[in-house]
There are 2 protein chains.
Amino acid sequence: MKSAQNSKITLEHVAEMARVSRATASRVLTANPRVSPESRRAVERAARKLGYIPNHAARALATGHSDAVALVISEPTSLIFGDPFFPRLIRGIGEVLAARDKQLILLAPQSGTDMDRLERFVAAGHSDGVLLVSLHGVHPLPGRLAARGIPVVVGGRPAEADLFTYVDIDNVGGAFAAVTHLAARGRRSITTISGPQDMPPGRDRLLGYRSALEAEGLPLDEGAEESADFTQEGGERAMRRLLERRPSLDAVFAASDLMAAGALRTLAESGRRVPDDVAVVGYDDDPVAASSSPPLTSVRQPIEEMGREMARLLLDAMHAPRRVILTTELQVRLSSGRATEAM
Amino acid sequence: MKSAQNSKITLEHVAEMARVSRATASRVLTANPRVSPESRRAVERAARKLGYIPNHAARALATGHSDAVALVISEPTSLIFGDPFFPRLIRGIGEVLAARDKQLILLAPQSGTDMDRLERFVAAGHSDGVLLVSLHGVHPLPGRLAARGIPVVVGGRPAEADLFTYVDIDNVGGAFAAVTHLAARGRRSITTISGPQDMPPGRDRLLGYRSALEAEGLPLDEGAEESADFTQEGGERAMRRLLERRPSLDAVFAASDLMAAGALRTLAESGRRVPDDVAVVGYDDDPVAASSSPPLTSVRQPIEEMGREMARLLLDAMHAPRRVILTTELQVRLSSGRATEAM
DNA sequence: ATAAAGTGTGGAACCGCTCCCATGAAATCC
DNA sequence: GGATTTCATGGGAGCGGTTCCACACTTTAT
């Protein structure tokens, strides 16, 4: 019944056509140097002519590896597809992997069942290594994979940092730069809308805020700190509370652009002008940052680079746990002050 | 050097522990009925005890199939991750596939090179079938895959419709319902912002608009039609042109919510009240629809169901080309008229 | 009772590839 | 010039499953 169309061209056929043994043909296709130029050419011609494509399963079985890498995003699909973080990350990872001829497999476990399925998937040999992002809290997965001897690289500092190889972006430094920028523009009452304090990025950005104030000789003030959940609504509410407590504030550093956007709304409602009365700096350099009004000064994270670095790390995953910390870049726009203002 | 950790547990080990042959052990694990209850239990126990996980490559090599299905989205990653269409589609596909224990592999070819890579990937046996969405124009891929004997199901009617198995959503019907709804609310000068006319959905929604007018006995009027590119800005401009040509219009049907949102902006600028002066209906039931002001009446597409149907179709892909057309549903909100108005 | 059909099982071939090892020819050495 | 090394090559043994086939043993029909 089945269309015997181009019924499977195997290495055997190629070898036959090239008048060499299967072993020699295999050497040519695996770039083994011990082949005479004639044989090489003959095999290459035959392979091209027949449209030969090596059978993945057979190769994987013989070599013991699949030449594929899994990217595991443990986040609800709806979130994955809303956040510009992931396309950037994937682009970075994809670049490096493509150059090394590895296949990227995207996995988004949604449930505990999916997690188990995932472990079997990897253990069954589908992928040679795993890239893990947006882990929440202490997660069993990286440990279990590691126990099976499967290389894992985590994106973003995990809770048990010293156990795993990971790549992180310098959240403290990013926040520090943002707040220093505000201080340099002459702001003296700099408040912050921090992220959730049970997430490393949330904590680190608050730390960066504080140490920048200290470095600038500005007083630390608990009343100038308000935390929210990275959403716009959360930002609006937090800004309202800050205005109540510190009506004379002249700057806000928000730990995400969404929260910054919320802050902008609240500020507008309360009649404050941005940046004349209050300067605002966000975080992430989300597309919303450039299109908000006024355009938002923001901390840009090297997410593509993080992807690249994760992929690189995984590829030479035989090494002992390593870590890489990347630095951010401040995107200055109108929201933090007039362009003519002194730097 | 390599950690010989739990050095690969094979079927051989399981068989040994269960005191049966490898053949019998295999029968148990492939749900072959010709096994005695005792053997079955013994094998199951041994497998569990050893934490046995079948090697994928070996199984694929022996059976000739991989139990995986590729979803190919030929769209820039940035677009994929912006559009709520894809998570919904993936959810639908995932449901059906998970129930049948198939693995979903996401592929997003970005270039011609990627396309070639993709073909090799599938031909190499990584996946048993391909789901294809957002094809633009006449695309060589489905044909080439089909020529290799690989089952393909296309999402959205392809240009060469009768060659492939596909699932589509009834764009004509959706537009028809939207326009009928407007007419039922007493609107008489119903204009439309149509999508690009080189895309089937763009064309079909315009057709639906026209046939609804006809059905309602309203005159067709070329001046009441303006096409745009599915974006908000395009919608704004198109609305402006419509207002110039037909200042007395009392309704607009936009072929996407983004364009409808643009139309709302232009209408507000021109001082028209929605829905009192002009009723508006969009398409897609995008999240922006519910949060725009006023909330947008829109055509909701059964995207999850489309995913499910695509997966089902692929799974029994031995059949002759088939097609399935799904119907839409009108989401009535404020933009198309007061709730108290007569239906 | 004897033949026929049905059951559970193990041996072994096979899927398509890689790679170790033995072999013979050519190149290098003393 | 003979011994040794180098090199390309083919044979063949796996990799870890599935499945055909033959076999011994029951069960059922005649």
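The chains referred to below are lettered A, B, ... by the order of the sequence lines, with proteins before strands, and numbering in each begins at 1. Below, all heavy atoms of this structure are taken into account, side chains as well, without hydrogens, waters or symmetry copies.
In this structure, A:Ala57 and B:Arg40 both approach DNA chain C, and ranking their closest nucleotides by distance from the 5' end singles out B:Arg40. Closest-nucleotide positions on DNA chain D for B:Ala25 and A:Ala23 were compared, and the one nearer the 5' end corresponds to A:Ala23.
A straight line from CG of A:Asn55 to C1' of C:dG16 spans 6 Å, rounded to a whole angstrom. Remark: P of C:dC20 and CZ of A:Arg34 are 11 Å apart, rounded to the nearest angstrom. The distance from atom CD of B:Glu38 to atom P of C:dT7 is 15 Å, rounded to the nearest whole Å. Protein atom NE2 of A:His13 is 13 Å distant from nucleotide atom C1' of C:dC15, rounded to whole Å. Distance A:Ile9 CD1 to C:dG16 C1': 14 Å, rounded to the nearest Å. Note: CD (B:Glu16) to P (C:dG10) measures 13 Å, nearest angstrom. Rounded to whole Å, the distance from NZ on A:Lys8 to P on C:dC17 is 10 Å. Here the C1' atom of nucleotide C:dC21 and the CG atom of A:Asn32 are 14 Å apart, to the nearest Å.
In this structure, A:Thr10 does not reach the C:dG16 phosphate: none of its side-chain N or O atoms is under 4.0 Å from OP1 or OP2. Side-chain nitrogen and oxygen atoms of A:Arg59 include at least one within less than 4.0 Å of the OP1 or OP2 phosphate oxygen of C:dT18. For A:Ser26, a side-chain nitrogen or oxygen approaches OP1 or OP2 of C:dT18 to under 4.0 Å.
Between the side chain of B:Thr77 and the main chain of A:Arg88, no donor-acceptor pair closer than 3.5 Å is present. Panel note: side chain A:Gln110, backbone A:Glu75; a donor-acceptor pair is recorded below 3.5 Å. Put simply, the side chain of B:His56 never gets that close to the backbone of A:Ala124: no donor and acceptor are under 3.5 Å apart. No side-chain donor-acceptor contact under 3.5 Å links B:Ser134 to the backbone of B:Ile73.
For B:Arg312 and B:Glu305, the salt-bridge test passes: some basic side-chain N is under 4.0 Å from an acidic carboxylate O. Using a cut-off of 4.0 Å between Lys/Arg side-chain N and Asp/Glu carboxylate O, A:Asp67 and A:Arg100 are scored as not salt-bridged.
Proximity of B:Val152 to B:Phe164: side-chain heavy atoms (C-beta onward) are nowhere separated by under 4.5 Å. B:Asp114 places none of its side-chain heavy atoms less than 4.5 Å from the side chain of B:Leu107.
Pairing each heavy atom of A:Ser66 with each of A:His126, the nearest pair is OG-O, 2.9 Å.
Evaluation of atom-type donor-acceptor distances gives a pair under 3.5 Å for the side chain of B:Arg27 against the base of C:dG10.
With the end axes of the helix from C:dA1-D:dT30 to C:dC30-D:dG1 each set by five pairs, the angle from one to the other reads 40° at 10° resolution.
A 4.0 Å heavy-atom criterion places the boundary nucleotides of DNA chain D facing chain A at D:dA8 to D:dG16, written 5' to 3'.
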